[in-house]
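Have a look at the structure below before the remarks.
All values below were derived from every heavy atom in this structure, side-chain atoms included, with hydrogens, water molecules and symmetry-related copies excluded. A note on names: the letters A, B, ... follow the listed sequences, proteins ahead of strands, and every chain is numbered from 1. In this text the structure is predicted, and so the values were computed from the model without any measurement.
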Amino acid sequence: MIELVNVRKVFNAGQPNEFVAIDGVSLVIDAERTTVFRGPSGSGKTTLLSLIGCMARPTSGRIRLYDREITSLPERFLTGIRQKTFGFIFQQCNLIKGITALENVMLPAYPSGEKHASLKNRAMDLLDTFKILRKAQSKVEWLSGGEAQRVAIARALINNPSMIIADEPTANLDTKLSREFMEIMGRLKSERKTILFASHDPIVYESDLADLVVDLRDGRVEGSVP
Amino acid sequence: MEKWIERQKHIIDFTLSSLLRRKGRNAALILVYTLVVFMLASVVFFVQAIKREASVILKDSPDMIIQRMSAGRHELIPVSYLDQILSIRGVSAVRTRLWGYYYDPVVGANYTLMVAEDSGPAAGSIIIGQGVSRTRLAQEGDTLEFRSHDGAIIDLGVKSTISRESELVSSDLILVSEQDFRRIFGTPAGFATDLAVRVKNPRELSTVALKISERFPDTRQILRDEILRTYDAVFSWRGGMMLVILCGSLLAFIILAWDKASGLSSEERREIGILKAIGWETSDVLLMKFWEGIAISLSSLLAGVILAYAHVFFTSAALFEAALKGWSVLYPTFRVTPFIDLSQLVILFFLAVVPYTVATIIPSWRAATVDPDSVMR
């Protein structure tokens, strides 16, 4: 379970270009459920996901993860949580160009010191699961949008996280690929993963997968639809 | 421990593939860096080798050399001086030396002919230096022709060549028997080129020199310190020029390091952000950058050192030769004897690898400590 208590995030605090991205958000997100943050551009969806995913710290307020206060943890612990608890799927895929799809999938597990052979096997299994095994040795810049997206999902799962954070995952996909993506997410949900989406795509927030849709505007929660 | 090694292997693996991704840029970087290391290592090797040559020469040099002077010119010295000098208190040994320069019109080279102190060649045979051997293509068993002072042709057989402890002394050297020496140069019996003196106590050297000077006013005394100063003068100005090259190389190192330290490309920043976002710690990113710095600077160091070794010891520092060695106008040429001190390599390592690696890590450290959420935008 994730609990946010009066979380605020201010960029460039005290400067003329100060910007309040998240303004006093309090929220409870149940484990093993799918939550969608919905809202227009600039509503604070991405910032909220990055705060929950330990990628940034709130300016004020508290975030608890499985009853553990994570807001005040040092950077090393936050990285550890990021590595073990969360798998990230970014809007731009954010794959590392110039290396193969397989290497991209293995990358998050490199610091763990897992044996190369077993890590490679796990990565190959994931690529196989997402029907992209034949592209394992292809450089990622040669992949289509859908293939790159699936590699990004495999990479998010390599450390076997309990939560998946996906930021506008369908923004660069056509309708068919978007539906395929949601099917994959459905499979992950059935594996009891907690899934957090930030999206303004109806394919995402109107999907049967969504257990809770939270509406955001100007950094505030406007309402939520179970 | 096994996990630690596996982690290093993974990160090195990724570092190398990262370097390969920017092949052109990194190859250019290694090329420039290798060139800088090559220049610096050439300077270090050359200076050290020259210093060593000088020390080899001075190791066996006598405490004092007595030369007879006539009208300000070096003159043959009567052997009868020897016993009188030996009787001076403080002198432990005196021996005559026979040496001179011989111009070989066949190849336009100058040789130094010398009668060996002991175990020299028998009459009719010679022992030659490496430079003479190269110039005249002469090996053991060959015969070299000499033209004596009265125009007579004297054939001398090559008994052997001199081993290469130092070419500076032996390159143009020909050891002959006393009999052949006197035949070639017409040096009369009872005369020598100069006298080599050893004293019991080095502190008494100047006192002994004074006594010799008083007893033999027609001689000059050359002390070992004076020989040392002469060599120092010969090598120091070259050392000065070397210093200029050294400064240039160091400046190049600083420029390279500064270029590296002044920042990362936006692509590199983005990649660091992605790595942090997917669970890499700041220390993992720094480890990767550490291996990157090591890979580039160490491979440049190895390539530069090997090239410099070949340059200095196989081509006789061909690029510096004319300006620095000063012997390029002399014939036969001499080659510096291969010699590398481990401390030189350590110094080169600290000059080439450490600053570059640090300069690689610092900007990455700045980028890696930033929140990784920038990649989400």
Side-chain angles (χ1 to χ4, degrees), chain A residues 9 11 21 45-51 53-57 75-100 103-119 139 141 152 155-156 158-159 161 165 167-168 198, chain B residues 1-27 264-292 364-377:
Chain A
K9 178 69 178 174
F11 290 105
K45 306 187 293 294
T46 298
T47 305
L48 198 57
L49 284 189
S50 66
L51 291 174
C54 301
M55 285 206 201
R57 292 166 196 277
E75 167 63 22
R76 274 192 65 218
F77 290 90
L78 288 182
T79 308
I81 293 171
R82 209 157 57 229
Q83 196 180 47
K84 293 184 181 74
T85 312
F86 297 104
F88 294 92
I89 300 165
F90 306 99
Q91 183 177 343
Q92 304 292 337
C93 287
N94 279 339
L95 297 173
I96 305 264
K97 286 180 187 162
I99 58 173
T100 64
E103 284 175 296
N104 262 286
V105 175
M106 290 162 72
L107 207 48
Y110 277 171
S112 70
E114 184 179 343
K115 279 219 170 282
H116 187 268
S118 89
L119 177 58
K139 295 224 165 109
E141 53 269 37
R155 183 181 66 179
I158 192 73
N159 283 334
I165 290 183
D167 183 29
E168 301 281 9
Chain B
M1 189 63 185
E2 200 180 329
K3 279 201 166 191
W4 184 87
I5 293 170
E6 205 63 36
R7 175 172 170 249
Q8 303 292 320
K9 275 165 67 181
H10 283 316
I11 291 179
I12 291 172
D13 204 24
F14 180 64
T15 305
L16 294 178
S17 72
S18 289
L19 289 173
L20 284 175
R21 279 184 292 143
R22 293 182 261 271
K23 272 196 284 285
R25 181 172 162 247
N26 287 320
L264 297 167
S265 67
S266 59
E267 195 190 336
E268 282 174 305
R269 277 178 189 282
R270 188 177 154 272
E271 277 186 18
I272 290 174
I274 293 172
L275 292 173
K276 285 211 74 184
I278 61 176
W280 281 42
E281 279 187 29
T282 303
S283 63
D284 298 325
V285 175
L286 296 186
L287 187 64
M288 179 187 85
K289 288 292 167 186
F290 166 77
W291 285 122
E292 188 183 306
S364 307
W365 172 74
R366 287 208 306 252
T369 48
V370 172
D371 283 340
D373 70 330
S374 55
V375 293
M376 306 238 336
R377 292 167 202 291

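Looking at A:E168, neither its backbone nor its side chain comes within 4.5 Å of chain B, counting heavy atoms on both sides. When heavy atoms are compared at a cutoff of 4.5 Å, A:L119 approaches chain B solely by way of its side chain, counted from C-beta outward. For chain B, the nearby part of A:K97 is the backbone; its heavy atoms alone come within less than 4.5 Å. Heavy atoms of A:R155 lying under 4.5 Å from chain B belong exclusively to its side chain.
Residues A:Q83 and B:E281 fail the side-chain proximity criterion, which asks for heavy atoms closer than 4.5 Å. Between B:T282 and A:T79 the shortest side-chain heavy-atom distance does not fall below 4.5 Å.
Of the listed residues (B:R21, B:M288, B:H10), the one with the most heavy-atom contacts under 4.5 Å to chain A is B:H10. Heavy-atom pairs under 4.5 Å with chain B were tallied for A:G98, A:P161, A:P111; the largest tally goes to A:P111.
Summarising the geometry of B:L275 relative to A:L107, their closest heavy-atom pair is CD2-CD2, 3.7 Å, with the distance given to 0.1 Å. In plain terms, the two heavy atoms of B:I274 and A:I96 that are nearest each other are CG2-CD1, 4.1 Å. Of all non-hydrogen atoms in A:H116 and B:E6, the two that sit nearest each other are N-OE2, 3.3 Å. Between A:F90 and B:A277, the shortest heavy-atom distance links the atoms CZ-CB, 3.6 Å.
Atom NZ of B:K3 and atom CD of A:E114 lie 8.0 Å apart (nearest 0.5 Å). B:D13 contributes atom CG, which lies 9.5 Å from atom CD1 of A:I99 (distance to the nearest 0.5 angstrom). We find the CD-CG distance between B:E271 and A:L95 to be 11.5 Å, quoted to the nearest 0.5 Å.
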Go through the steps to decide whether B:K276 and A:E75 satisfy the test side chain to side chain contact (heavy atoms under 4.5 Å, CB included), and finish with yes or no.
CA-CA 11 Å; B:K276 285 211 74 184; A:E75 167 63 22; 2.9 Å; yes
